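For reference, the structure is listed below as structure tokens.
Throughout, a chain's letter reflects where its sequence line sits, starting with A, and its residues are numbered from 1. For clarity, every value in this text was computed on a predicted model and none was experimentally measured.
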There are 2 protein chains.
Amino acid sequence: MNSGNIKCDCEDCKLKSLFFSHVTVDELIDICEIKEERTYFKGDIITKEGDSINEFLYLKEGLVKLSKSTDEGKDQIISFSKPFDFVSLLSVFSSDTYQYSVSAIEDSHVCILDLNVVKNHARQNALFTMDLMKRVSEATDKIVLDNLEIRRKHLKGRVAHVLLYFANYIYMKEEFELPISRREIAEYIGMTTENVIRTLSEFRKDKIIKIFGKYIQIADKKRLENISEFG
Amino acid sequence: MNSGNIKCDCEDCKLKSLFFSHVTVDELIDICEIKEERTYFKGDIITKEGDSINEFLYLKEGLVKLSKSTDEGKDQIISFSKPFDFVSLLSVFSSDTYQYSVSAIEDSHVCILDLNVVKNHARQNALFTMDLMKRVSEATDKIVLDNLEIRRKHLKGRVAHVLLYFANYIYMKEEFELPISRREIAEYIGMTTENVIRTLSEFRKDKIIKIFGKYIQIADKKRLENISEFG
DNA sequence: CTGAATTCATGTCAATTATCATGATTGAAG
DNA sequence: CTTCAATCATGATAATTGACATGAATTCAG
């Protein structure tokens, strides 16, 4: 095997700097040789809660949701993640099995590394491990803070919060195609589907947003922000 | 300075195995030489959100709450922690400032290390860093899972959940002195103080618990568990 | 010890949200 | 293209929770 021949496009990966800034070229080649890239389509399950963890994965492109099923079969959505703020699962280093499910809510490209190989490098390269910890820490901080924010709002404020979340944080646009159903919004903010639909309709009647199916256009952002903060 | 003379009782610390299982004796001495131990009394603030982080701390004894203030000055309680599941703050490695406040809800002993010294060791000792990451990961997993559980319950179920939490997880007893006020229970489960009080009264009237001020005695655990799960 | 402040407690009423019912629309599978 | 299922939508009603009021009990500083 001639190292000059190794095809390893990780070197060009946009995420390289984040995850591998403290990894040597040799290590990078070692890790990348065994990497696998998979494409998941909207709706596909990427990892399932309860399954055993033996891969380390990160999102190269797309959008995913983290969720958990209750005993009665209902889902609770924990958070949404896009590339750069999704670092495998929070529990890769603390549990043998996935605590949550991850599914694609937009077509997504996922890069998959063997967990043992990553762990071996983590054991030998403290700076890499610290990078990893920092990323995991940031991701969980975000989840906890977002949850607190949602928790202190009422129905309307929560729905406004979700719309602004997608507008400001995911799409950086005032108009976008909602990647999730009304039911999923409900599962995320902890309200019923009917009330989410009703609230969106109200916003439409009040000319705060325009709705064409899943396509949303924010018409009066100031008011939406106001509702998110005080409503 | 004679190393034989260094008084370092970290060697006997119950938490040593958790945080320093992969630390050499020399490193341990280095870290412990600059350690400081502080006692906080019930109600004392240990760290305050917004303050800059320059210490690494862990709880040797006692009970603390993590909380965050809203703009209107109301508090939201994120979680409670006892020794072994409180590893400094979740954000020590991801942020310069504390995202949450930590305060003692029982008299507590806290061990304080210089963050830079700990970080230095983390940079050089990958196994230590992995231990740390595992601990942080476990702590945040617990917070997220607990929050999901509370979120899917109604008032009564939430109050029952809190009572069972203290009985099963904190005190391992069916009777205990509640370390927090009714208002704090409300801040934790996201309901109003009045409704927490009312619910406790109801439980008392239904002979599920006995109440003497802050002293709680669980009289019918089966029913309380039932309410926690389905109510 | 004492007055002030906070916590605990309970009742009433209003606001918020869930549940149920029903139908239109959309999307996927054969 | 058609059929079935899921999603979206709206209304009516019930259940849940919050807000306000008021007073007792407890805690705490001086």
Side-chain angles (χ1 to χ4, degrees), chain A residues 41-44 65 70 72-77 103 105 150-163 177-206 209-216 227-228 230-231, chain B residues 41-44 65 70 72-77 103 105 150-163 177-206 209-216 227-228 230-231:
Chain A
F41 296 105
K42 188 180 170 122
D44 289 351
K65 68 170 181 186
T70 70
E72 302 105 54
K74 287 181 184 173
D75 276 5
Q76 290 181 286
I77 293 179
S103 14
I105 56 174
I150 289 174
R151 204 172 99 176
R152 66 168 172 263
K153 293 175 190 191
H154 285 175
L155 175 56
K156 285 181 193 178
R158 291 182 187 190
V159 174
H161 175 89
V162 173
L163 294 177
E177 188 88 10
L178 256 185
I180 54 174
S181 67
R182 270 65 164 166
R183 180 169 54 73
E184 285 173 303
I185 294 178
E187 287 168 354
Y188 178 50
I189 64 174
M191 298 278 146
T192 57
T193 308
E194 293 96 316
N195 278 328
V196 169
I197 293 171
R198 233 187 293 275
T199 306
L200 287 173
S201 298
E202 263 187 71
F203 287 171
R204 175 174 42 73
K205 279 173 204 154
D206 294 345
I209 59 171
K210 289 180 183 175
I211 306 177
F212 312 94
K214 291 231 195 275
Y215 184 83
I216 302 282
I227 292 170
S228 173
F230 305 109
Chain B
F41 296 105
K42 186 178 173 124
D44 289 352
K65 67 171 181 185
T70 69
E72 304 103 53
K74 287 180 183 173
D75 277 5
Q76 290 181 286
I77 293 179
S103 14
I105 57 174
I150 289 175
R151 201 171 102 177
R152 65 167 173 263
K153 293 176 188 190
H154 286 174
L155 174 57
K156 284 181 196 180
R158 292 181 187 190
V159 174
H161 175 89
V162 173
L163 294 176
E177 188 88 11
L178 255 186
I180 53 173
S181 67
R182 271 67 163 164
R183 180 169 53 73
E184 286 173 302
I185 295 178
E187 288 168 354
Y188 178 51
I189 63 174
M191 298 278 145
T192 57
T193 308
E194 294 97 315
N195 277 328
V196 169
I197 293 171
R198 231 187 293 275
T199 306
L200 287 173
S201 299
E202 262 187 72
F203 287 171
R204 175 174 43 72
K205 279 173 205 153
D206 293 345
I209 58 171
K210 290 181 183 176
I211 306 178
F212 312 94
K214 293 234 194 268
Y215 183 83
I216 302 282
I227 292 169
S228 173
F230 305 108

*Give the minimum heavy-atom separation between B:Asn195 and B:Thr199, together with the two atoms involved.*
O-OG1, 2.6 Å
*Pairing of B:Glu187 and B:Lys74 as salt bridge, 4.0 angstrom limit*: no
*So do the side chains of B:Leu163 and B:Leu200 get within less than 4.5 Å of each other, counting heavy atoms only?*
yes
Between protein and nucleotides 28-30 of chain D, what N or O pairs are separated by less than 3.5 Å?
none

_salt bridge (Lys or Arg N to Asp or Glu O under 4.0 Å) pairs, two or more places apart, involving residues 192-206 of chain B_ = B:Lys156-B:Glu202
_Rounded to whole Å, please give me the gap between CD1 in A:Ile189 and P in C:dT16._
15 Å
*Over 12 non-hydrogen atoms of neighbours within 6.0 angstrom of NZ in A:Lys210*: no
*Mind checking side-chain hydrogen bond (donor to acceptor under 3.5 Å, both in side chains) for B:Ser103 and listing every partner two or more places apart, or none if nothing turns up?*
none
*Taking the side chain as every heavy atom from C-beta outward, state whether A:Tyr188 and A:Ile185 have any atom pair closer than 4.5 Å.*
no
*Kindly indicate whether the side chain of B:Ile189, heavy atoms from C-beta on, has any atom under 4.5 Å from the side chain of B:His161.*
no
*To the nearest 10°, let me know how far the axis at one end of the helix from C:dC1-D:dG30 to C:dG30-D:dC1 is tilted from the axis at the other, five pairs an end.*
60°
*What is the per-nucleotide protein-contact pattern of nucleotides 6-16 of chain D, from the 5' end, where B denotes a base atom under 4.0 Å from a protein heavy atom, S denotes such proximity for sugar-phosphate atoms only, and - denotes neither?*
-SBBBBB----
*What is the distance, rounded to the nearest whole Å, between atom CE of A:Met191 and atom P of C:dT19?*
12 Å
*Check side chain to side chain contact (heavy atoms under 4.5 Å, CB included) between A:Thr193 and all other residues, then give those that pass, not counting sequence neighbours.*
A:Arg182, A:Arg183, A:Ala186, A:Ile197
*Answer whether the closest heavy-atom distance between the side chains of A:Val159 and A:Phe203 falls below 4.5 Å.*
yes
